[in-house]
Structures are given as structure tokens and as C-alpha cells.
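To start, the structure itself, in C-alpha cells.
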Amino acid sequence: MSKDNKPGGKPTDDKSAKDTHYANLRRAHRDSKRERGEIPTPTPQKRRRGAEDWKPPALAPDQVYLYGLHTVRAALDNKERKNVKLSVTQNALARLEIDADTLGIPVETVSPQDIDKVLGPDAIHQGVMLETRPLPVRRLEALKGSPLLLVLDQVTDPHNVGAIMRSAVAFNAGAVITTQRHSPTESGVLAKSASGALELIPYIQITNLSDALGELHKLGFFTIGLDSEGPAPLESTFSGDKVALVLGSEGKGLRQKTRETVSALARLDMPGAIKSLNVSNAAAIALYAARLHLKV
């Protein structure tokens, strides 16, 4: 008698069904950790086939495509979003755990290849794509009630800006302010890197950074520029009950005009052999230090 069968020929358990069930649980747990940024997203080798031939579609100025389960779910939950259409595979729709009939926008069932044609073969879209409009423009004067802001001086990499957004939300900053030039606009790549944070914090792009810093000074903010050659450690530089942290670009750091405009320059003291950090890591440390000073 087979050891997989009871007397009478009936299986004692369905091994393949169990394997499938636990595989689905493991995949859901892994996807959740990736969406939170706790583990890296693997390089999509299979999707790269045909990447050289793909041409991005022409987008209207008010047209944005967001993708990824967590990113799209956060966008659908954001009442300030004006969404246009949801394109989703049957499997991804089930994993979104939403009622398509109540969304108030068209929901189109598609294949992963259909989404690839719009986003390109390298996008990790997880079978879901949302056509939407940019979030409403925010003004600096609307931030006067926030004790903590983050200002970016031409940080160009959308992955870095997305990671910075996550930290800004985690430490309850009032906004991420950046320049219109040499900074990423609202996009699928930025939103995916932010993993939902784009929907939770204002992303304000301004024309002239020195003018914006001057406006923040009038609103009562003490602005601190992070610089590896800053005259004093960050923790001894804080002043007042409203702080705006200013971080420079990945390679060049703060521009000279920005250095001259901030209230103070400060450095992150690092006793180890490495004396510089990725801008997103530096932002997280600076936000933590600012919270300790503000005690809020």
C-alpha cells in the first residue's frame, strides 16, 4: 500500500494543495516586505528582454501612471487623487482587496504584457497600473503650522527622493520641498520608490530655492543645510521650535547660493572610516535628530 494513501485508496492529504497554499503565503509576505522597503526588489532579468525596443508613450502634462500594489492601493485611498482608469490583472485585483464596482472609475482587466507596453519591460508593476492626475499644488504658506520640513537642493534620483519621502512620513515631517529643475516630477518610479508615501505628504516643487528659503524664514523656520564640512555637529546647531532641514544633491551637495541662504550649516559627525552617506540615509538620521530637538 502506498504510504500516501489510507486503506480504501484515499489520499491522507493533498500535498500539492498544501505546497501551493504555503507558497502563496510566502509570496504575499515577501511582497509586503518589498513594498515597505525592507528587502530589495530583484532585478527583473526576464522583463529586460525587448527593453531596447520599447519606447515610452507620449503623456499629456496632467497624465500620470502609477503602478505596484501598495502604491496603487494608497493612491486609490487618497481622496485628493483624481483617478482616471485602473488596469489590472485578475490576480492583482484579488490581491488589491478592493471592490471594483465602488471605485467610480473604469476598471480594465488586462494581461501583464498589456501593462508592459505602457510602462516598459523593466517596471515591477505587479499586474496593476493606475492612470491618474497629479496631486494638487501646495503653497509654502500652508506649512506654517508644521514644526519640521525637509528641503532638497536638486536631488535628482527618484529612488532617493522616494526613500526620503518614506523617512519624512515616518518622522511626521510636514512636507518635502524640492526644485522644479533637476528634481524628479510626480511619476510611477517616484511613487513606487516612496511605497505609498507620495499620498501621505505634500511634495512641493518650487522655482527658486533661495527665495523659498527666504519665505520659510519669514514663516519662522530655522533652516539647516547639511554639509560634510559644516562648522558644527547637527545636534548642537538646532534652534527654535520650527526646523527645515536642507540636503544637497547626490554628488555635488548643496549649491553655493543655498549654503549662503540657510540659517546655519551643520555636519553629521561620523566616527567611522566612511565620512559620507547616501542622501536618503542622511535625511533619515537628520530627521531623527530634529525630532529629538523638537520633542514632538
Side-chain angles (χ1 to χ4, degrees), residues 31 34-38 40-41 43-44 47 51 54 56-78 80-84 86-87 115-116 118-126 128-138 149-171 173-207 209 212 245-251 278-284 287:
D31 285 349
R34 282 194 185 120
E35 290 287 356
R36 296 194 300 269
E38 295 173 7
T41 299
T43 303
R47 288 179 179 269
W54 177 76
L59 299 181
D62 65 345
Q63 193 174 27
V64 177
Y65 284 109
L66 304 181
Y67 57 88
L69 290 168
H70 191 70
T71 301
V72 168
R73 191 183 297 115
L76 292 172
D77 289 339
N78 186 357
E80 293 191 354
R81 274 279 178 202
K82 291 185 178 179
N83 298 316
V84 178
L86 179 67
S87 301
I115 300 178
D116 287 345
V118 179
L119 301 178
D122 284 343
I124 310 299
H125 52 70
Q126 298 174 295
V128 59
M129 176 180 71
L130 178 68
E131 183 182 348
T132 185
R133 300 285 181 249
L135 287 166
V137 175
R138 303 292 185 91
L149 302 176
L150 201 57
V151 182
L152 306 180
D153 185 6
Q154 297 190 349
V155 177
T156 58
D157 188 341
H159 299 92
N160 276 336
V161 176
I164 288 169
M165 278 188 173
R166 284 176 53 80
S167 295
V169 170
F171 290 103
V176 173
I177 302 166
T178 189
T179 53
Q180 287 182 346
R181 294 185 63 201
H182 306 294
S183 297
T185 58
E186 187 177 330
S187 68
V189 175
L190 174 62
K192 186 72 162 59
S193 301
S195 191
L198 179 61
E199 311 301 325
L200 300 174
I201 188 170
Y203 182 55
I204 301 176
Q205 294 190 288
I206 45 85
T207 304
L209 183 55
L245 299 166
V246 188
L247 290 93
S249 65
E250 294 89 342
N278 176 279
V279 64
S280 63
N281 293 332
L287 286 164

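Since we're looking at a predicted model, the values are computed, not measured.
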* Step by step, would you call Asn78 with Leu135 a side chain to side chain contact (heavy atoms under 4.5 Å, CB included)? -> CA-CA 10 Å; Asn78 186 357; Leu135 287 166; 3.5 Å; yes

* Can Ile204 and Val176 be said to form a side chain to side chain contact (heavy atoms under 4.5 Å, CB included), step by step? -> CA-CA 6 Å; Ile204 301 176; Val176 173; over 6 Å; no

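Taking the side chain to side chain contact (heavy atoms under 4.5 Å, CB included) definition, one finds that Ser249 meets it with Lys252, sequence neighbours left out. Residues satisfying the side chain to side chain contact (heavy atoms under 4.5 Å, CB included) criterion with Ala173, sequence neighbours excluded, are Leu148, Ala168, Ile201, Leu287. Partners of Arg81 under the salt bridge (charged side-chain N to carboxylate O under 4.0 Å, His left out) rule, at least two apart in sequence or in another chain, are Glu186, Glu199. Residues that satisfy the salt bridge (charged side-chain N to carboxylate O under 4.0 Å, His left out) test with Arg138, not counting sequence neighbours, are Glu80. Taking the side chain to side chain contact (heavy atoms under 4.5 Å, CB included) definition, one finds that Tyr65 meets it with Leu59, Gln63, Val118, Leu119, Met129, Glu131, sequence neighbours left out.
For residues 58-75, the set of pairs meeting the salt bridge (charged side-chain N to carboxylate O under 4.0 Å, His left out) definition, not counting sequence neighbours, comprises Asp62-Arg133.
Taking 4.5 Å as the limit, some side-chain heavy atom of His125 sits within range of a side-chain heavy atom of Asp116. Counting heavy atoms from C-beta on, the side chains of Val161 and Thr178 never come closer than 4.5 Å. Within the 4.5 Å cutoff, side-chain heavy atoms of Tyr203 are placed close to those of Leu190. You'll find the side chain of Val189 reaches within 4.5 Å of the side chain of Tyr67, heavy atoms only. Put simply, the side chain of Leu247 does not reach to within 4.5 Å of the side chain of Asp153, judged on heavy atoms.
Contact detail for Ala175 and Leu149: the closest heavy-atom pair is N-CD2, 3.7 Å. Contact detail for Thr156 and His182: the closest heavy-atom pair is CG2-O, 3.2 Å. Heavy-atom minimum distance, Ser193 versus Pro158: CB-O, 3.8 Å. Here the closest non-hydrogen pair linking Leu152 and Leu209 is O-CD2, 4.5 Å. Gly196 approaches Ala74 most closely through the heavy-atom pair CA-CB, 3.8 Å. Across all their heavy atoms, Ser187 and Val64 have their closest contact at CA-CG1, 4.4 Å.
Put simply, CG on Leu66 and CG on Asn83 are 8.0 Å apart, with the number rounded to the nearest 0.5 Å. Distance check: Leu198 CG to Lys192 NZ gives 13.5 Å after rounding to the nearest 0.5 Å. To the nearest 0.5 Å, atoms NE2 (His159) and OG (Ser280) are separated by 11.5 Å.
Of the possible polar contacts, one joining the Gln205 side chain to the Pro184 backbone as a donor-acceptor pair under 3.5 Å is found.
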